[in-house]
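Computed from a predicted structure; not experimentally measured.
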Amino acid sequence: MNFNDAVKKYYSEQTDEALYEAANELCKELKLSEKLHMLYGRQFFLRNGYDLITMGQKYNCRPCLSGGVKRLGIPAVAFSDGPRGVVMGNSTCFPVSMARGAAFDEELEYEIGSAIADEVAAQGGNYFAGICINLLRNPRWGRAQETYGEDPFLLGKMGAALTRAVQDKGVIACPKHFAVNSIENIRFDVNVLADEKTMHEVYLPHFKACIDAGAMSVMGAYNLFRNEHCCESKYLLKDVLREQWGFTGFTISDFLMGVRNAPRALKAGLDIEMPQLMHYITLPLDLKTGKVSIEDIDNSVKSILRGLIKITPKLKYTSRSVVACKKHTALSKRAAIEGTVLLKNDGVLPYSEGKIAVIGRYANKINVGDHGSSSVSAPYTVTPYEGLCNVYGEENVVLCEGTDFSDKKHEIKKCGAVVVCVGSDYKQEGENLANFSKSDDVTEKALGGDRYSLRIPENEVELIHRACAEFDRVIVNIIGGSAYIIEEWKEEASAILHSFYSGMEGGNALAELLSGRENPSGHLPFTMAKDEDDYPDFLFPSAKTRNITYGYYHGYTLLDKEGKKAAFPFGFGLSYTDFKYSYIKVKDEGDKVKISLRIKNAGNVDGKTVVQVYAGAEGDHPVKLLKGFKKVFVKAGETVSETVTVDKNDLKFYEPETKKWYLEDSYTFYIGQNSEETECKILQLK
C-alpha cells in the first residue's frame, strides 16, 4: 500500500474506522528509518534537506518541512505560521486575531481562513499553525494580539471557523498553544497550576471546539502545566486530547524549546519535534535501551498519517497570483472595518469633509503588529496618514509625526478635527525574542514581550492632554493588541477608537470609518478595566517564583463576582446609529434554547449590531457567560426579527469528582449589546 491507496481506502467510506485502518496499513509499509524521519522537522535546511540556509533569511520564508516518504508517496508536512496571514513570502496581512475577534463574525473569519489557505497552498504549504486561541487572562500578555479575546466561547467559535475554513481547502489546521499559555517573558519556565473545573470550563473549551470542528493537528506550548512541560504532558496530549475528546490527528512541539526529553515527550503523545531534529535524535538509542518502544513510534507515525490522509487530498496548489491579490486585500480592509471599536463619540464623528490633522508617532508609521513568528511581510501597508489622504485628499490632511506638534500648531488649528494615533508596536508588546528587561521600554532598543504597564506611554498621554487642551475636536485612535487603562484622559477626548493592529489596509479602513463611509460595528473582545488591579495576577522575570495559579474568574466574570464596573465592558462598541431590542423571548426547544427578539435601527444610518446572549445559574458559577452572538445588519429606520440559538451542551458545567458535565435546573439569560447592559430572562429547563 502507498499513500494514494491509503487515501482511496479512507475516502471510500470516510469514517474514523476507515481512517485508522488506512493509516495502520500504510504504517506497516514503512521502514524504521522512514518512521523516525516522520517525527522531526528540518526548518534550517533548504528544500533538498541538506544545504544550509543563507544567514539573514526571514523566519518561515518557505514551508518548514517535516517527514515525508517519497518511496510511498507520503507528502511532507509543510508548515506555515500565522495567524494574521501567511508568514511565507509577501502575503496578505490581515488584521490581528484580536481585531477579528472584535468583529464578532464567524462568517467573516471563515472567509479569511479560506483566503489564508489559498495563500498557504500557493506557496507550497499544506499546514497552517495560525489558529491561536490562548485565552487572554491578563492584557499584560505580550502576544495577546494573536488571540481572539478573553472569553472561551468567543475563542471557540472564531477558532472553529478558521479551522473549518482552512481544512475545507485541504490545509491542515493547527490550534495552539496547548495549553494555558498566556505569559511571554518567562514562557519557557513558568509553571501554571489550575484545578480541573477551571481547566475544563475556562482554559480548554475553545481547544475542544476546534477539535470538534475537525482540527487534525495541535501545537503544544512552551510553559509547564502542573510541573510538566506541556509538550511532555500525558494529561494534556493523551488523557484530555485523545481519550476525552477523541482527537484523531497529530501533535507538534512549539519550536526549539518545546521538547526537553525525547522519551517523555514521545510517550506522552508528542508526535513531531519542530522545527528540526534536536532531542528526538536520541530515539534510535532510546528504542534500543527500552526507553521507548516501537509501539510508541508507530502511534506517532499513524497519527501523522491520519492527518495527511484525511486533509491533504483536498489540497489544490493554486497559482502564486492569488497571494495578496485584490480580493484578499479587500477582505483585509473589510476585516479592519468590522473589527474597529468605537469607544466614545461626543458627536464629532463621522467627520465627512474638511481639513483634518493626524498626529502621533503612529500617524504615518507601518505598525501591523509583532515582528516575531506571526510577522507577515505584506507587499504594501496603508498608514493612517495615507488612508486619510485617500479619503479626504492630500491637500486636506496635515501630518505631524512624533509627540511634539509645536511646529505645526498653526496648521493644525485650521483643521476641523485632529486624529491622535497612540498605543503600542512590536517594541512594546509581542513575542519575547530577547527581552530580559524589568520594566517597560519605549525606546528603539525595546524588544517586545509582556507589558509591565497597561497604560499608554507617558509621552503619548501628554500628547493627548496637550492636543485636547489646544484643539476642539480630538479623536484618539488606539493601536495595540489588547486592553489599555485610559482613565486619566478618556473624558478629555471627543472620540476614541480602538483599531488594534489593523493589517495592510488599516489606514484606508480608519479613514472610511472616520468619514462615515463606513459605520463602526466592532465590539470589545475583552474587558477594559478602570484599574490594573482589576485583572488577575501576573508573573514577570523578577518574580521569586515561577509558579502561578490560574483561577476560575477573570475578565468580566471577575468584575461580576467582585461587583465592579468596567471602564468599557466586554462586548462594548458604539455605532453612528442606535439599536433598540424588544420582544425578547427565550424558549426551551429540546437540546437547544432559542432567543428571539426584534431589533430596531432607531437612527438615520444603516449599521450593524452584535446581539450577545449570556447565561448564568445559581451555584458556584460566574454570574453570566457568553453563550451566543450574532452580527446583524439593519437599515436605518427599519426593524428586523432575529433568533440566536444556544446549544444546551454549551450551558453545562463540569463536575471534577465524576468527570461529567451537567445542566442546572434553571438559567438566567442576559441579552444585550455588551456584558453589562442586558435584559434578563429566566428559563426553567425541561
Other residues, nucleotides and ligands only: do more than 12 of their heavy atoms fall within 6.0 Å of [atom1] on [X]?
{"X": "Q244", "atom1": "CD", "value": "yes"}
{"X": "Y662", "atom1": "OH", "value": "yes"}
{"X": "E562", "atom1": "CD", "value": "yes"}
{"X": "K585", "atom1": "NZ", "value": "no"}

Which label fits [X] and [Y]: parallel for a plane angle under 30°, tilted from 30 to 60°, or perpendicular past 60°?
{"X": "F540", "Y": "Y452", "result": "parallel"}
{"X": "Y484", "Y": "H498", "result": "tilted"}
{"X": "Y235", "Y": "F225", "result": "tilted"}

Is it true that [X] and [Y] have a side-chain N and a carboxylate O under 4.0 angstrom from each other?
{"X": "R264", "Y": "E228", "value": "no"}
{"X": "K659", "Y": "E196", "value": "no"}
{"X": "K530", "Y": "E487", "value": "no"}
{"X": "K648", "Y": "D588", "value": "yes"}
{"X": "R187", "Y": "E431", "value": "yes"}
{"X": "K624", "Y": "D560", "value": "yes"}
{"X": "K608", "Y": "E338", "value": "yes"}

inquiry  = Out of the candidates K592, K157, K594, K652, only one should pair with D647 under the salt bridge (Lys or Arg N to Asp or Glu O under 4.0 Å) rule; please name it.
reply    = K592
How long is the gap from [atom1] on [X] to [atom2] on [Y], to the nearest 0.5 Å?
{"X": "L193", "Y": "T549", "atom1": "CG", "atom2": "OG1", "value": "4.5 Å"}
{"X": "L513", "Y": "L342", "atom1": "CG", "atom2": "CG", "value": "9.0 Å"}
{"X": "F653", "Y": "W661", "atom1": "CZ", "atom2": "CH2", "value": "9.5 Å"}
{"X": "E488", "Y": "K490", "atom1": "CD", "atom2": "NZ", "value": "10.5 Å"}
{"X": "E201", "Y": "D195", "atom1": "CD", "atom2": "CG", "value": "9.0 Å"}

key: Donor + acceptor pair across side chains of E429, Y501 (<3.5 Å)   = yes
Y203 side chain to S182 side chain, donor-acceptor N/O pair below 3.5 angstrom = no
request  = Any chance you could lay out the salt bridge (Lys or Arg N to Asp or Glu O under 4.0 Å) test for D212 and R164, step after step, and finish with the verdict?
outcome  = CA-CA 10 Å; D212 290 344; R164 287 192 301 269; over 6 Å; no
key: Residue from W245, F247, F178 passing ring pair (Phe, Tyr, Trp, His ring centres under 6.0 Å) with F207   = F178
Option among F570, F153, F568 that satisfies the ring pair (Phe, Tyr, Trp, His ring centres under 6.0 Å) test with Y556 = F570
task = Check whether any side-chain heavy atom of S521 lies under 4.5 Å from a side-chain heavy atom of S575, and answer yes or no.
result = no
ask   = Per the side chain to side chain contact (heavy atoms under 4.5 Å, CB included) rule, which among L204, T163, L241 passes with I211?
value = L241
ask   = Does the separation of the ring centres of F579 and Y581 fall below 6.0 angstrom?
value = no
request  = Report the C-alpha distance between K176 and D81 in whole Å, list the side-chain angles of each, state the deciding distance to 0.1 Å, and finish with yes or no for salt bridge (Lys or Arg N to Asp or Glu O under 4.0 Å).
outcome  = CA-CA 11 Å; K176 66 181 185 183; D81 222 327; 2.8 Å; yes
